[in-house]
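For this chain, numbers begin at 1 and follow the sequence in order. Excluded from the calculations below are hydrogen atoms, water molecules and symmetry mates; all remaining heavy atoms, backbone and side chain alike, are included. Predicted model, so just to flag it, every value in this text is computed and none were measured.
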Amino acid sequence: MRGGDLVSTLTGAFGQSLRETRITAVLGYLIALHPEPFLSLFGFNGVPQRVCLETAHDQGRSDILVETSRGTGIIEAKVDATDPLEQSRRYPARWVALLTFRVPRKASIGQARYVSWRQLAELLEDLSRSGRFSRLQMLSKDLLSYMEMHHMIQNRNSIEIYAREINEPVTLALFLKAQVYGCDYQAGSRLAEALYFAPHFGKRITKQHPGINTGISHVARIESVGYATTWQEFRDLMVEQRGRAWWNRHKSLLQDLRRKWTWSKDDQRSFLLLGTPRLAFNPPVRKERLQEGKGWLSKRFFSFDELFDAWGK
């Protein structure tokens, strides 16, 4: 227990809240234990010589600094949707690795390489099964558990359904025709754990579209979750994930979305890339069977059993 809360990871014993410094401290130690696979992931060359945490520079502190026989590499990590590219330019280095949720279509910009938390998790999974060093195995597994606990990567015991309101035409068309759903980014959300998305269609949208009924009727598998702020970032994400032909096919709908929403560095959003929407509940599940009252959904995560129980009431 720490402060009355149950702690299930060594990393979490230093504090239950999600902090970049806790993750980079353990990551730096892991790099020092077994540097080769990490240097390959981050794009650093040469023979590793030294690993430093929170190194002071003229314009701030870098998260992890790795010196090799061929130069210096810096790892800058962000646990939210912030792009660390500009911050990384303050530090003198031959290579820069940006560890973040937001990996643009062009993964390398100058000397900087974007690396996703999912890519790091895949390496940690491999190392946790390695028989080379017991400390390496234990700490890799512990850091994975910490990342899962804070919803940075998909949990192996994932929740099943993420549910949100859809009550206006552009978002409805985006879901049904383009198989995409966007919402404001929320730090610490369990969205990364969800396997399926189920929209709740509101009364206003059902009046405009007679074929749509109020409630939860459709379910779509979440293929991936991406993050973007500006329109260009969103476009790059969609073209990378779905292809240019998909973009051109849905261009008219996507332009409606561009006009409907604001797009700036302050507008951090999560985007669910979905499989084909399936009609799973007919008649639809009404929200008053999932919660008290008929206001906005107060709960966003469900199991299929919960929805089927509510459907059968």
> Taking the side chain from Glu306 and the backbone from Ser303, do they hold a donor-acceptor pair closer than 3.5 Å?
Replying inline: yes

> Does the cation-pi check pass for Arg258 over Trp263, that is, NZ or CZ under 6.0 Å from the six-membered ring centre and within 45° of its axis?
Replying inline: no

> Going through the distances and angles, do Thr72 and Leu65 end up as a side-chain contact (heavy atoms from CB on, under 4.5 Å)?
Replying inline: CA-CA 7 Å; Thr72 298; Leu65 183 148; 3.6 Å; yes

>> Main chain of Glu36, side chain of Ser40: is a donor-acceptor contact present, judged purely on distance under 3.5 Å?
In response: no

> Listed by chain and number, what are the salt bridge (Lys or Arg N to Asp or Glu O under 4.0 Å) partners of Glu292, not counting sequence neighbours?
Replying inline: none

> So His218 and Phe175, would you call those rings parallel, tilted or perpendicular, with 30° and 60° as cut-offs?
Replying inline: perpendicular

> Salt bridge between Arg118 and Glu125, side-chain N to carboxylate O under 4.0 Å?
Replying inline: yes

>> Val170 vs Trp261, test: side-chain contact (heavy atoms from CB on, under 4.5 Å). Steps then yes/no.
In response: CA-CA 10 Å; Val170 173; Trp261 290 0; over 6 Å; no

>> Determine whether a donor-acceptor pair (N or O, by modelled atom type, separation under 3.5 Å) exists between the side chain of Arg242 and the backbone of Ala178.
In response: yes

> Hey, does the side chain of His209 reach the backbone of Ile205 with a donor-acceptor pair shorter than 3.5 angstrom?
Replying inline: no

>> Using modelled atom types and a 3.5 Å cut-off, is there a donor and acceptor pairing between side-chain atoms of Glu160 and backbone atoms of Phe304?
In response: yes

> Thinking salt bridges, do Arg269 and Glu233 make one under a 4.0 Å N-O criterion?
Replying inline: no

> Does Ser69 use its side chain to pair, donor to acceptor, with the backbone of Val47 at less than 3.5 Å?
Replying inline: yes

>> In this structure, is the centre-to-centre distance between the rings of Phe271 and Tyr227 below 6.0 Å?
In response: no

> If you measure only the distance, is there a donor-acceptor pair under 3.5 Å linking the side chains of Glu20 and Thr24?
Replying inline: no

> Does anything in residues 199-208 pair up under side chain to side chain donor-acceptor pair (under 3.5 Å), and if so which pairs, sequence neighbours excluded?
Replying inline: Glu165-His200, Thr206-Thr214

>> Under a 3.5 Å threshold, yes or no: a donor from one side chain and an acceptor from the other, between Ser264 and Asp267?
In response: yes

> Under 6.0 Å between ring centres, would you say that holds for Tyr162 and Tyr181?
Replying inline: no

> Trp311 side chain to Pro283 main-chain N or O, any donor-acceptor pair under 3.5 Å?
Replying inline: yes

> Should the heavy atoms of other residues, nucleotides or ligands under 6.0 Å from CZ of Arg259 be counted, would the total exceed 12?
Replying inline: yes

